[in-house]
Amino acid sequence: MRKPPREPSQTDVTAFINARLIDPATGRDEPGGLLVRDGVIADIGGHLRRTAPEGAEVVDCYGHILCPGLIDCQVYTGDPGQEHRETLKTASFAAAAGGVTTMVCMPDTEPVIDQVALVDYVQRRARERAIVKIHIMGAATKGLKGEELAEIGLLQRAGAVAFTNGKSTIANTRVMRNALLYAKDFDALIVHHTEDPYLSAGAAMTSGEVATRLGLPGVHKMAEVIVVERDMRLVEITGGRYHAATISCRESVDAIRQAKARKLPVSCGVSINHLTFNEKDVGSYRTFFKVRPPLRSEEDRVAMVRAVASGDIDVVVSSHDPQDADAKRRPFAEAADGAIGLETLLPAALGLVHRGEIALMPLLKAMTCNPARLLGLDTGQLTKGAPADLVLFDMNALWVVNKDQLRARSKNAPLDEKTVHGRVLRTMVAGKTVYQYGSAERG
Amino acid sequence: MSTAEQTPFYFPRRHLLTCEGLSAKEINSLLDLADKAVEVNRQINKKRDVLRGRTLINLFFEASTRTQASFELAGKRLGADVMNMNVSTSSVQKGESLIDTAMTLNAMRPDMIVVRHHAAGAVELLSQKVDCSVINAGDGAHEHPTQALLDALTIRRAKNRISGLTVAICGDILHSRVARSNIYVLNTLGAKVRLVAPSTLIPTGIERLGAEVFTDMWKGLAGCDIVMMLRLQRERMQGNYVPSTREYYHFFGLDQEKLALAKPDALIMHPGPMNRGVEIASPIADHSRSVIRDQVEMGVAVRMAVLEALARNLPNH
């Protein structure tokens, strides 16, 4: 049975008063209020700080921050095929609790999302079960094998917002060139995982003293840079739009920045893991810190944060990748890659602000208007007429992450038992409250 | 035998997982105990009863002849009941079953488990899941503590000291757990460690563990007191690390010419099994200064010492 669509009834009016409004798209940061009517932002500004229209549901923000709901451009689920790891539904609950109102799901599923029927299927599942907006990144090559192009045009028409080879790098330079060239005709974005597959084969972490002490096979960070630099040249000869999915070291930022200076249509993202952890967090074989690309040195972590601050890195993602206990409770080299992060993306990011590493505005920009612009989404900003996708959060609340209380189905949370700084109070998607801190959870 | 014998016994640990972090006091305690075990092993009646009633399980996920036999003998000579388990399954299945295997064995209430596994960190992971003492008999390219201890015992008995000696560890450092454990033990005991290998077989940052790296064996062996050869792990050589065993032997095989660069009384060591003609010339393996067979004897003694030391910390109710 199909549930009725999520649009609110015509009488739904919500007034957020006494808020600190932050809109990274315009640089707005001021006390005020925001009015939601019919699922869209009806009015916004200082004049609404204390006033609400009659009959409206009034949400007193007590001075907390109200900003566009976060857009997470890299979420892995197990839906379809590996539902024991995560479904679209469970991921969407985690997203709502984390202030993420739009998530972009990766095609690394079983089967791979490389056909129109699968895009349709996932979209239908998302409509029926998920409580946040879900978009699909289609496969750039059939089966993500990196050999034959997928039906990029048809997939785009079906609703895929970008195209990627998922967790694997397209090693074949000709295939990558053709993907960029062909995608250009559709103005489609190619999102690429940048890790030389030959250099990184078998590697469990970044090479260096830590890997050597642990006796783990390592890969040099240049394995990433080599691919980024190659891709910049391919963009140069094709003109295709390109986004490096999750870069992790200073040299990659340099390559992207130089390409941008040459007016190439390129951008890049970084995962929250690479902004908040370094290779030493692996400690004695802690598999929750085994991610792709592997965690780098502290210098590279700092460089990543600075690049987000400067805008050289466009997007911050959670890279939410649920893995079940059996896949993680293994010797490090044999354990699965990935960490969950939808629910802790915002608090982890706010920790950087509290530690004085980055200002709030550029950080939020990389999780709201930047990804929206990149993917052509109509959300991610606080303007009249935009969908009321909002997050209200307490910048200062301290809480201890308990993986068993997180909503994601898998519990591979590197922040487990860590104290984080910042809590989502309310999440709204298209005018409807999908999460409220402290209220009874709906199942 | 040495002055270290006067130091009081000190080994307050439940497991022996690494040599990284072992203090000189702890290492010397084990070596002193091992010295006594050597004497026992040379008698006709080698049986003692310090582990009487105890159960020792040898859990080997990776094939091994000498280490397993050595632990088995050590356990039996101390009076323990010893069970050998060889878990040879496909490489994918191994990791999957590790925790389950640990839990199953734990339910059999062993007092000690000796573990070898092909993956770094696997033994530590297993130690977190069981109630008994766990001894690392080699985990991937991480550590092989009893090998380093037996090497130290061999050196100490032959040279009467370790402090101040220069030890050249030669060969496949990249894949070697023996090298890593030896670097820690030898540094802790005051020796100078050199590593000699082609650059492709030197892991990044290894010098930070306390070693000087040489890619020229002629320079690396010059004036050293100990030449410790490592086996070229040809089964792990998919990555094109050396062009051929012939070329490897030419530049990194220990022959008479290269050995002549070491001190005249330099010892020749090898943890075994040897590839004669690949990393070591056959006559050199059987050289009068070769202590390769002494290493095997010391292996049993050191393992007895480790078992006894850990048994002292087991609950006695």
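Every chain is numbered from 1 and lettered A, B, ... according to where its sequence line falls, protein lines coming before strand lines.
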Report the option among B:I206, B:L209, B:T204 that has the most heavy-atom pairs separated by less than 4.5 Å from atoms of chain A. B:T204
Please tell me whether A:F332 and B:H142 form a close aromatic pair, meaning their ring centres lie under 6.0 Å apart. no
Mark yes when over 12 heavy atoms from residues, nucleotides or ligands other than A:R306 sit less than 6.0 Å from its CZ; otherwise mark no. no
B:R180, part contacting chain A, at a heavy-atom distance under 4.5 Å: side chain
A:K167 atom NZ, over 12 foreign heavy atoms within 6.0 Å: yes
Relative to chain A, which of B:A141, B:G205, B:G140 shows the most heavy atom pairs under 4.5 Å? B:A141
Report, one line per pair, each donor and acceptor closer than 3.5 Å where one atom sits in a side chain of residues 121-131 of chain B; sequence neighbours left out.
residue	atom	partner	partner atom	Å
B:E124	OE2	A:S284	OG	3.1
B:S127	OG	B:E124	O	2.6
B:D131	OD2	B:N106	ND2	2.9

Per-residue contacts, residues 199-221 of chain A versus chain B, heavy atoms under 4.5 Å: A:S207, A:G208, A:E209, A:T212, A:R213, A:L214, A:G215, A:L216
NZ of A:K145: more than 12 outside heavy atoms within 6.0 angstrom? no
Is A:R233 atom CZ crowded by more than 12 heavy atoms from other residues, nucleotides or ligands, each under 6.0 Å away? no
Is B:R208 atom CZ crowded by more than 12 heavy atoms from other residues, nucleotides or ligands, each under 6.0 Å away? no
